[in-house]
Amino acid sequence: MAVSLLRASRQRGVRAMTAAAGSAGRAALPLLLCALLAPGGAYVLDDSDGLGREFDGIGAISGGGATSRLLINYPEPYRSQILDYLFKPNFGASLHILKVEIGGDGQTTDGTEPSHMHYALDENYFRGYEWWLMKEAKMRNPNITLMGLPWSFPGWLGKHFNWPYVNVQLTAYYVMSWIVGAKRYHDLDIDYIGIWNERSFDINYIKVLRRMLNYQGLQRVKIIASDNLWEPISASMLLDPELLKVVDVVGAHYPGTHSVKDARLTGKKLWASEDFSTLNNDAGAGCWGRILNQNYVNGYMTSTIAWNLVASYYEQLPYGRSGLMTAQEPWSGHYVVESPVWVSAHTTQFTQPGWYYLKTVGHLERGGSYVALTDGLGNLTIIIETMSHKHSKCIRPLLPYFNVSHQFATFTLQGSFSEIPELQVWYTRLGKSSETFLFKQLDSLWLHDSGGSFTVELREDEVFTLTTITTGRKGSYPVPPESQPFPRVYKDDFNVEYPVFSEAPNFADQTGVFEYFINMEDHGEHRFTLRQVLNQRPITWAADAHSAISIIGDYKWSNMTIKCDVYIETPEKGGVFIAGRVNKGGILIRSARGIFFWIFANGTYKVTGDLAGWLIYAVGQVDVTVKEWYTLTLTVEGRFSSGMLNGKSLWSDIQVNFPKNGWAAIGTYSFEFAQFDNFYVDAAP
Ligand SMILES: *[C@@H]1O[C@H](CO)[C@@H](O)[C@H](O)[C@H]1NC(C)=O
Ligand SMILES: *[C@@H]1O[C@H](CO)[C@@H](O)[C@H](O)[C@H]1NC(C)=O
Ligand SMILES: *[C@@H]1O[C@H](CO)[C@@H](O)[C@H](O)[C@H]1NC(C)=O
Ligand SMILES: *[C@@H]1O[C@H](CO)[C@@H](O)[C@H](O)[C@H]1NC(C)=O
Ligand SMILES: *[C@@H]1O[C@H](CO)[C@@H](O)[C@H](O)[C@H]1NC(C)=O
């Protein structure tokens, strides 16, 4: 076994060759060295016996729910920089796939996203931020694969049942309209469409959806099912030839790198259509690095899609910072390119959908794994990971113990790869910051006279990419602004004549949907407002509250004054509130505590310690009616709270011992129209 690496390395001056023999002061950089000096595992990479499965790409999810909420409000140039780190080819994560939520008005983990059809006769393809995001992604990478998937659905589709398959034609029409709207209004071609995220599928619905897409000339749109477990959909496909025919991809969530026999028997592509969901520190990057390789090695999955794309939601919401990078401060412009971005780059920058895995992939003798992919035109990309058990746990499922230790791995290129003269080398080491390297290019490897063999010294928590592709690049921008807390004094009069987005900055809807609104008849102060626009409960994905609520500000806020003009539109039963110290959101919104100040169209007010309205601090009569503007003021200071109506004290000295801190919020009593204007919060100490 001849190896040229040693010589090549010498020529190119890779540091400290002698350290390879084990001297204590090992240089921080890894070594690629002579196999003769380094016994260890031997691995052959060969295509002479054909290739493995076709690779479909690495991607991420925006939505499910509202995970990109704060991103759109970033000032330039930071917003474009963040998008470059995610989507620009040969720059950062350089993602192959963007999967978005088809907003359905319901709470879907960290917020609600607006539907393109709030009501039966409503159609609007400019709500929310997913259209914008898809266009930004496509602008950077015209080849990016686009996918859409519903989590929740607007209530009218269920005809009073909390179920999207009451009328499968209607639901298929609703989903098809989203695809048609994407093309008509944004020139976006949706490549894949899903069924219902992590919920039941309906076989008849899937068939009807396929027929409707075909009827619309959308044969190219592929169906992925069922974004849940492998078993039920695979078993159904094996029993039903028509279903088998119409489902193009079997997508499972959090598969723990394994697929099941029935899924493989379908003969379809297998995808980890949602995975990761882990705090984006180095252990999260370890999770990501391990599953990107092992989803194929163990489970034949040819695509892995991360939830979520970018952590652009208030960090204290559920699963905070579970994005490939963090951008949760539009008010400061601060963002963090977290290590999962660079772990992604190890695969994404050196492969493309349409490449093929080699059959020769597998586990390393002393832990870790390797995959190799080719474009069939002579290019080869090898990705090796040695993630330790401790530093690569994903949030789910449980990771059985395995051992990774120091090792030498000798690879031999055979078949059409035997003559490859040179491989580019990219390296990441996660873990202790002093020894951390993120996507660093090392000297390339010269394989002349080596018989196609080379040896890599591997330690724990490393990723290597060895590739013929020469376009890899670690993109960078100047350091973004420093992190700042949410401004302590904040106001919004919603006076936006031509809103680019339907939502007001920084408001994060947790039940219901709050949108910019123009009162055509009002030529005075309240012409431009923010309006809660749902008039019935959506078909929920999570436990939406009974009241609509949008949160804003800093979870750490303790003392604050919130002031807002409010307008009830529903007679008798209608009502609105403003709130402080709201301590929960996302899928936990129903149990949110705080201090809530409500007024109702029937001339009453209420002060409660929770959103559900169980913990009543005060009730009383007040001169309030429907279709009139009122100014509500809520002050919370230490253990005491007071409220004003139109600047006059209505109640005071109510003792609030819990919670001690939380967001500010506005909301409506039920799923009812109501408006808000001149929002103001002062949380200055
Ligand atoms: C898009 O794909 C085509 C065909 O595979 C390729 O030639 C082109 O370079 C790709 N463009 C980008 C920006 O990756
Ligand atoms: C590899 O891919 C590049 C484009 O990245 C292409 O120019 C080249 O012809 C391919 N084949 C080989 C053998 O490098
Ligand atoms: C892991 O493997 C190494 C080398 O084979 C061995 O020395 C070590 O004891 C193992 N650790 C555990 C916890 O099994
Ligand atoms: C006023 O309306 C609210 C909301 O519908 C209701 O909870 C409350 O009982 C009503 N109060 C009276 C006195 O009718
Ligand atoms: C909130 O106000 C109380 C009473 O004025 C004061 O004791 C406390 O220090 C304040 N808390 C903060 C975080 O400013």
Side-chain angles (χ1 to χ4, degrees), residues 45 47 51 54-59 83-84 86-98 134-146 189 191 344-345 347-356 358 372-382 413-426 444-448 452 465-473 475 485-489 553-562 580-581 583 594-595 634-642 652-664 681-685:
L45 302 175
D47 62 348
L51 295 170
E54 184 181 5
F55 174 67
D56 299 304
I58 305 302
L83 292 164
D84 285 350
L86 293 169
F87 298 116
K88 194 170 164 181
N90 305 313
F91 192 86
S94 304
L95 295 169
H96 303 140
I97 299 173
L98 171 60
M134 284 190 280
K135 283 190 283 189
E136 292 289 329
K138 203 85 185 172
M139 208 160 70
R140 287 166 174 80
N141 176 7
N143 293 345
I144 198 162
T145 299
L146 296 178
D189 288 302
D191 300 291
S344 307
T347 300
T348 55
Q349 290 201 14
F350 310 105
T351 58
Q352 287 299 325
W355 283 41
Y356 281 81
L358 268 58
L373 300 99
T374 180
D375 61 355
L377 304 168
N379 278 302
L380 177 69
T381 291
I382 306 160
L413 308 186
Q414 291 182 2
S416 64
F417 310 117
S418 60
E419 302 294 316
I420 287 176
E422 179 187 357
L423 290 171
Q424 312 293 311
V425 183
W426 292 83
S444 59
L445 217 88
W446 293 89
L447 298 175
H448 303 293
T465 299
L466 299 113
T467 179
T468 57
I469 297 290
T470 55
T471 46
R473 183 178 153 218
F486 193 95
R488 285 194 170 268
V489 178
D554 192 328
Y555 185 80
K556 298 192 189 80
W557 282 349
S558 170
N559 297 337
M560 58 183 121
T561 292
I562 301 146
R581 294 191 188 168
N583 74 342
I595 172 103
L634 169 67
T635 300
V636 206
E637 207 181 316
R639 288 189 291 114
F640 293 97
S641 175
S642 59
S652 60
D653 287 343
I654 286 180
Q655 196 161 339
V656 284
N657 296 319
F658 183 85
K660 298 261 185 275
N661 57 284
W663 295 287
V681 57
D682 181 346

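Numbering of ligands and ligand atoms starts at 1, following listing order.
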Original post:
Does atom NZ of Lys135 have more than 12 heavy-atom neighbours, drawn from other residues, nucleotides or ligands, at distances under 6.0 Å?
Top reply: yes

**OP:** Please check if any side-chain donor atom of Thr467 sits under 3.5 Å from a side-chain acceptor atom of Thr381, or the reverse.
**Re:** yes

Subject >> Nitrogen or oxygen atoms of Glu637 and ligand 5 under 3.5 Å apart >> reply: yes

Subject >> Residue pair Thr468 / Asn379, side-chain donor-acceptor N/O under 3.5 Å >> reply: yes

**OP:** Just say parallel, tilted or perpendicular for the rings of Phe350 and Trp426, cut-offs at 30° and 60°.
**Re:** tilted

Indicate every side-chain donor-acceptor pair of residues 656-663 with a distance under 3.5 Å to a residue at least two apart or in another chain.
{"residue": "Lys660", "atom": "NZ", "partner": "Asn657", "partner atom": "O", "Å": "2.8"}
{"residue": "Asn661", "atom": "ND2", "partner": "Tyr555", "partner atom": "O", "Å": "2.8"}

Original post:
How would you list, by chain and number, the residues with a heavy atom under 4.0 angstrom from ligand 2?
Top reply: Asp375, Leu377, Gly378, Asn379, Ile469

Subject >> Modelled atom types, side-chain donor and acceptor of Ser416 and Asp47, under 3.5 Å >> reply: yes

